[in-house]
Amino acid sequence: MDFNVKKLASEAGVFFTRAVQFTEEKLGQAERTELDAHFENLLARADSTKNWTEKIFHQTEVLLQPNPSARVEEFLYEKLDRKVPSRVTNAELLGQYMTEAANEFGPGAPYGQTLIKVGETQKHLGAAERDFIHSSSINFLTPLRNFLEGDWKTISKERRILQNRRLDLDACKARLKKAKAAEAKAAAEHDLRVAQTEFDRQAEVTRLLLEGISSTHVNHLRCLHEFAEAQATYFAQCYQYMVELQKQLGSSRAELSTSTFVGNTGPASPPLSTSPPPATLPVLQSVSPNPGEVSLNPVEVTPPASGTRKARVLYDYEAADSTELSLSADELITVYSLPGMDPDWLVGERGNKKGKVPVTYLELLS
């Protein structure tokens, strides 16, 4: 019991001495031992690394999981050392709803078929997103978290010890200055030598830890490369899925557009005058590589009296030959279909220019 009391009294005395020294330094009434410039640079670099790592870590969490409630739930699972349950992504859930809607509306109907196609693509996108999140969490977030919760806590602990050793050293220096008697000076000098030794030893330990920040940067650089590679893979998969979906939808839209134009085509209204109609060039036909198909030259045809529609161009398109019409995004053109044409193409007119245009590059307007 006496030993514990003495220990507590000793610790209280040390704490009081440090508090007095710290207060006097803040008031400018006591001198303090300054660290060398290299050491101060190491401290500043470590603080900067910690601050930016925290910001990057938290923002990456937001990127991978925008739902704050879900992030809190995952954090609690990790703290309880339990496996985080697998979570369905928003894209997968959307794909599921689209598939269920298609089954109810009729999977054979045009709307149902399109719902199934888009829904399957959404499921693929969601699966790719889940793989990206999993890969990024392991290869990028985990190393950053390990630094913040491991290495940085060790550095912070040793820095606090160094601060206490520095306060002890400066308190001993102040006590030596105030000592008058020879015996008091001898005791103060002994305490100063011990404090200087402990301070130097702790400064070396802290310096080694701070210099290890360079290795931390190298490790985080490797993790950053892996994160960028995972993100590139994810976006490449998404792009491929959407290109395939666009092809499927383009084919379906072309069939729908063709049926719409054919349905709208009827006999032309009788002329208001007895003058003969303007002469038109004949439609030139050429043999197609596939038997039974006819290749049309749209430059030499006249649009039907009915069945023309306006269309907005979605993307720039460069004509491959003289039978096609080059397009610029957002411009409006007149389009129509001709019997025997490939359903993926329409005839487009802009001013006095005319040529084939791909359906997938157009938004047909009512």
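Atoms considered below: every heavy atom in the structure, side chains included; atoms not considered: hydrogens, waters and symmetry mates.
Taken to the nearest 0.5 Å, the CG atom of Leu43 stands 9.5 Å off from the CD1 atom of Ile155. To the nearest 0.5 angstrom, Glu149 atom CD is 12.0 Å from Thr154 atom OG1. For the atom pair CG of Leu125 and CD of Gln122, the computed distance is 5.0 Å after rounding to the nearest 0.5 Å. To the nearest 0.5 Å, atoms NZ (Lys50) and OG1 (Thr216) are separated by 14.5 Å. Atoms CD1 and OG1, on Ile161 and Thr206 in that order, are 7.5 Å from each other to the nearest 0.5 Å. Summarising the geometry, atom NZ belonging to Lys354 is positioned 4.5 Å from atom CD belonging to Glu349; distances are rounded to the nearest 0.5 Å.
Using a 4.5 Å heavy-atom cutoff, the side chains of Lys153 and Ser156 are not in contact. At least one side-chain heavy atom of His38 sits less than 4.5 Å from a side-chain heavy atom of Leu42. Inter-residue side-chain proximity for Glu129 and Tyr234 is flagged as met; some heavy-atom pair is nearer than 4.5 Å. The side-chain heavy atoms of Phe140 and Leu224, taken from C-beta on, include a pair separated by under 4.5 Å. Between Arg160 and Gln163 the shortest side-chain heavy-atom distance does not fall below 4.5 Å. Lys173 is listed as a side-chain neighbour of Leu192, based on a closest heavy-atom distance under 4.5 Å. Residues Ile333 and Leu362 meet the side-chain proximity criterion, which asks for heavy atoms closer than 4.5 Å.
If you check the side chains of Tyr317 and Glu324, you find a donor sitting under 3.5 Å from an acceptor. In summary, the side chains of Thr99 and Gln96 do not present any donor paired with an acceptor at a separation below 3.5 Å, with no hydrogens or angles considered. For the residue pair Asp170/Thr33, the side-chain donor-acceptor check at 3.5 Å is satisfied. In this model, a donor atom of one side chain and an acceptor atom of the other lie less than 3.5 Å apart for Glu158 and Gln202. For the residue pair Arg45 and Ser214, a side-chain donor N or O sits within less than 3.5 Å of a side-chain acceptor on the partner.
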Could you walk me through whether Glu120 and Lys123 pass salt bridge (charged side-chain N to carboxylate O under 4.0 Å, His left out), step by step?
CA-CA 5 Å; Glu120 288 300 318; Lys123 293 178 181 179; 3.7 Å; yes

Could you go through Glu226 and Arg222, starting from their C-alpha distance and side-chain angles, then the distance that decides it, and tell me whether this counts as salt bridge (charged side-chain N to carboxylate O under 4.0 Å, His left out)?
CA-CA 6 Å; Glu226 293 180 356; Arg222 177 182 57 81; 3.2 Å; yes

Side chain to side chain contact (heavy atoms under 4.5 Å, CB included) assessment of Leu327 paired with Leu314
CA-CA 9 Å; Leu327 304 174; Leu314 300 175; over 6 Å; no

Just do the side chain to side chain contact (heavy atoms under 4.5 Å, CB included) check on Leu346 and Lys356 with the steps written out, would you?
CA-CA 6 Å; Leu346 293 171; Lys356 294 189 301 181; over 6 Å; no

Side chain to side chain contact (heavy atoms under 4.5 Å, CB included) assessment of Asp191 paired with Asp168
CA-CA 9 Å; Asp191 292 342; Asp168 293 341; over 6 Å; no

Dump the intermediate steps for side chain to side chain contact (heavy atoms under 4.5 Å, CB included) on His134 and Ser137, then the final yes or no.
CA-CA 5 Å; His134 178 72; Ser137 297; 5.9 Å; no

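A salt bridge links Asp36 to Arg207: at least one charged side-chain nitrogen sits closer than 4.0 Å to a carboxylate oxygen. Comment: Asp47 engages Arg159 in a salt bridge, judged by a side-chain N to carboxylate O separation of less than 4.0 angstrom.
The main-chain N or O of Trp345 is never found under 3.5 Å from a side-chain atom of Asp342 such that the two would form a donor-acceptor pair. Panel note: side chain Glu331, backbone Ser328; a donor-acceptor pair is recorded below 3.5 Å. For the pair Thr114 (side chain) and Pro110 (backbone), a donor-acceptor distance under 3.5 Å is present. Proximity of a side-chain donor or acceptor of Thr308 to a complementary backbone N or O of Val335 within less than 3.5 Å is not detected. With hydrogens and angles disregarded, a donor-acceptor distance shorter than 3.5 Å links the side chain of Arg350 to the backbone of Ser326. Judged by distance alone, the side chain of Asn219 and the main-chain N or O of Ser215 form no donor-acceptor pair under 3.5 Å. Under a 3.5 Å cut-off, the side chain of Glu92 and the backbone N or O of Thr89 do form a donor-acceptor pair.
Hydrophobic cluster membership is shared by Leu249 and Leu94, with clusters built from Ile, Leu, Val, Met, Phe, Trp and Tyr side chains linked at under 4.5 angstrom. Residues Phe227 and Ile133 share a single hydrophobic cluster, defined by chaining ILVMFWY side chains whose heavy atoms lie under 4.5 Å apart. In the hydrophobic clustering of ILVMFWY residues, with side-chain heavy atoms under 4.5 Å counting as a link, Leu141 and Leu148 come out together. No continuous path of hydrophobic side-chain contacts links Val205 to Val194 [ILVMFWY only; heavy atoms under 4.5 Å]. In the hydrophobic clustering of this structure, Phe199 groups with Leu176; members are Ile, Leu, Val, Met, Phe, Trp, Tyr whose side-chain heavy atoms approach within less than 4.5 Å, directly or through other members.
Residues Ser136 and Leu64 approach most closely at CB-CD1, 3.8 Å, considering heavy atoms. Among all heavy-atom pairs drawn from Gly112 and Ala102, the shortest one is O-CB, 3.3 Å. When all heavy atoms are compared, the tightest approach of Leu115 to Ala101 is CD1-CB, 4.0 Å. In this structure, Ala46 and Ile213 approach most closely via the heavy-atom pair CB-CG1, 4.1 Å.
Using bins of under 30°, 30° to 60° and over 60° for the plane-to-plane angle, the ring pair Tyr315/Tyr361 lands in the perpendicular bin. Between Phe147 and His220, the ring-plane angle classifies as perpendicular under the 30° and 60° cut-offs.
Other residues, nucleotides and ligands contribute over 12 non-hydrogen atoms within 6.0 Å of the CD atom of Glu100. Enclosure of atom CG in Asp316 by more than 12 non-hydrogen atoms of other residues, nucleotides or ligands within 6.0 angstrom is indicated. More than 12 heavy-atom neighbours from other residues, nucleotides or ligands sit within 6.0 angstrom of NE2 on His217. Summarising the local packing, CD of Glu34 is surrounded by more than 12 heavy atoms from other residues, nucleotides or ligands at distances under 6.0 Å.
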